[in-house]
Amino acid sequence: MIAVNHISFDYISEQGSFRRVLADVSFEIADGDFIAIMGANGSGKSTLARCLNGLLLPSTGEVLVDGLNTRDAEQLRRIRRRVAMLFQNPDNQIVSATVEREIAFGLENLGVEYEEMHRRVEQMLRRFSLLPFRQKSPHYLSGGEKQRLALASVLAMEPDYLILDEPTSLLDPAGRREMVRLFREWHDQPATPRRTTVLITQFPEEALLADRLLILQRGRTVMDGPPETLLRRTEELAGLGLDSPVRFKLQQLLGPLNPAS
Amino acid sequence: MSLELSLERVSFHYTGIAASSASVLRDVTFTLAENECTAIVGPSGSGKTTLIQHFTGLLRPTRGRVLVDGADIHSKKYSLTALRRRIGLVFQFPEAQLFEETVYRDVAFGPTNLGLGAEEIDLRVRNALTLTGLEADAFAGRSPFRLSEGEKRKVAIAGVLAMQPEMIILDEPTAGLDPVGVQSISAILESLVSRGTTPVFITHHMDLVAEIAQRVLVLSAGSVIFDGTPEQLFQNNPVLEEAKLDLPNFIQEFAAYRPSLPPALQSVRSYRQLVHRLQQHLVSRRS
């Protein structure tokens, strides 16, 4: 479980002025949850995501991962091993000279033994359809392939929690479908503890995959509930600068005309 | 003013250390027409960005010619500098290139380099900001680094518009923006056509294509496999499949409603258009 307890986050600019990006945010992420987070650009989504594994420390309040406080420097390694993070742009995440080295990179850092490392790299190359590229430089992969490699590399570390920060927003339609399939598949696989996913997204259709949706506005949680319910509140969402699924908008506009309803 | 950009059997491949089978163009031929909002779509790696780099001579075709108003842009006497004033290029994430202390100075950078007078520069900066939906007085003095992502992108686009190009080429102008940002970029592109700047944009966002494009070019593995209207594309399954494209979300969901709607509403391509037509329809029924 990840407990987010009354966290606020202030950015201080070089000119010395400060801006509150998160304001008193609290919620709990239970094992097995699939949570989506939506909010306009600048609403604090990415900052919140980075607080979940201690990449950023909140200005006030605390984040507990299975009871481990992200402020406790000695626990950070354990926390990051459990909470994996995938960013929007794989170019900011990929560091190695070849595809297979990239998957092995995190495992080496964790001190995984050679045999086990080898096993996991092979497994990931196969599961993520990266075998043909194993000796290639990630530089030659397409955007979708790079994002697949980035996901394979973080999942090779066998985390319990996966934080996805707009993982599909730069991909082409085929790459987007594939990415969604891969993280769903990871989430649904039986494991102890049960696998937990937090998906930050601008696409309302993707938020529908989740069991629960949090909506942020200017650093505060303004909605929290089942996506099927929240995403039908199309006018309210528009007021927050967010889109709702076309399906719901059409139902509201043309509902009585739909032969299926 | 009119500008006609033609690619004539253009092929391109990288040579030397960057050589790879990816990012090649194969025998590409088309002419971009004035005042026609054109979208370029296709899977990543299909050559879209390589293609637009040929439009201003940033890349030189391995075979074939790029013609502007009938002149080969790689002929000896042709001035690429002059061409780049007529065709503006907005790269992906253009906001990464903002560098001045104020929005005003960033947008003024291009016109200043053209050696224009202060008054003309001022006029152009204000016009360009207004075109992108940023109120000139409110934004001129602000630091570009303290704006929202959508606003930064608009400032970067305004910087290119301030050069008053006849054509503006944008590489994924909505990537990474929230719905409000996407909607405002869409409005900017739409308004440019009537102001004498022809927009040509690369996108993965099929709903945007449906909403504003008058013409679509589909690239697959370096070849143009389709050149036509969005309507024609959405009915062409073989092309959609080959380029791994989705139908726009709206078109998919609207299909169930279409048969039961009056003919005037059946041809809409986007939610915004539907709302607009529905309003007109209700008004005309009342009168």
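Reminder, nothing fancy here: chain letters follow the sequence lines and each chain counts from 1. These values consider heavy atoms only, across backbone and side chains, with no hydrogens, waters or symmetry-generated copies.
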Subject >> For chain A, the option from B/Val275, B/Asp246, B/Leu278 that forms the most heavy-atom pairs under 4.5 Å >> reply: B/Asp246

Subject >> Heavy-atom pair count under 4.5 Å with chain A, highest-scoring of B/Asn249, B/Leu274, B/Val180 >> reply: B/Asn249

Do [X] and [Y] pair up side chain to side chain, a donor and an acceptor below 3.5 Å, judged on atom types alone?
| X | Y | value |
| --- | --- | --- |
| B/Thr229 | B/Gln214 | no |
| A/Ser8 | A/Asp24 | no |
| B/Ser148 | A/Asn41 | no |
| B/Ser267 | B/Arg277 | yes |

Select one option (side chain, backbone, both, neither) describing which atoms of [X] are under 4.5 Å from chain B's heavy atoms.
| X | result |
| --- | --- |
| A/Leu171 | backbone |
| A/Arg176 | neither |
| A/Glu205 | side chain |

Subject >> Selection from A/Ser169, A/Ser142, A/Pro173 maximising heavy-atom pairs under 4.5 Å formed with chain B >> reply: A/Pro173

Original post:
Among A/Gly143, A/Ala40, A/Gly39, which residue forms the greatest number of heavy-atom pairs with chain B at distances under 4.5 Å?
Top reply: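 Going by pairs under 4.5 Å, I would pick A/Ala40.
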
Subject >> Segment of B/Leu177 engaging chain A (4.5 angstrom heavy-atom cut-off) >> reply: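 For B/Leu177, backbone and side chain are both near chain A.
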
**OP:** Below 4.5 Å from any heavy atom of chain A, which atoms of B/Tyr271 appear? Answer side chain, backbone, both or neither.
**Re:** side chain

**OP:** Could you give me the CA-CA distance, side-chain angles and deciding distance for A/Leu250 and B/Tyr257, then say whether side chain to side chain contact (heavy atoms under 4.5 Å, CB included) is met?
**Re:** CA-CA 9 Å; A/Leu250 281 173; B/Tyr257 297 92; 3.7 Å; yes

**OP:** Could you tell me which residues in residues 224-246 of chain A have at least one non-hydrogen atom under 4.5 Å from a non-hydrogen atom of chain B, sorted by residue number?
**Re:**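 Against chain B, the residues of residues 224-246 of chain A that fall inside the cut-off (heavy atoms, under 4.5 Å) are A/Gly241, A/Leu242, A/Asp243, A/Val246.
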
Subject >> Note: B/Glu95-B/Lys152 ion pair, threshold 4.0 Å (strictly below) >> reply: no

**OP:** Could you tell me whether A/Arg19 and A/Asp10 have a side-chain N and a carboxylate O separated by less than 4.0 Å?
**Re:** no

Subject >> Residues that A/Tyr161 engages under ring pair (Phe, Tyr, Trp, His ring centres under 6.0 Å), provided they are two or more places apart >> reply: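 In terms of ring pair (Phe, Tyr, Trp, His ring centres under 6.0 Å), with neighbours along the sequence ignored, A/Tyr161 is linked to no residue.
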
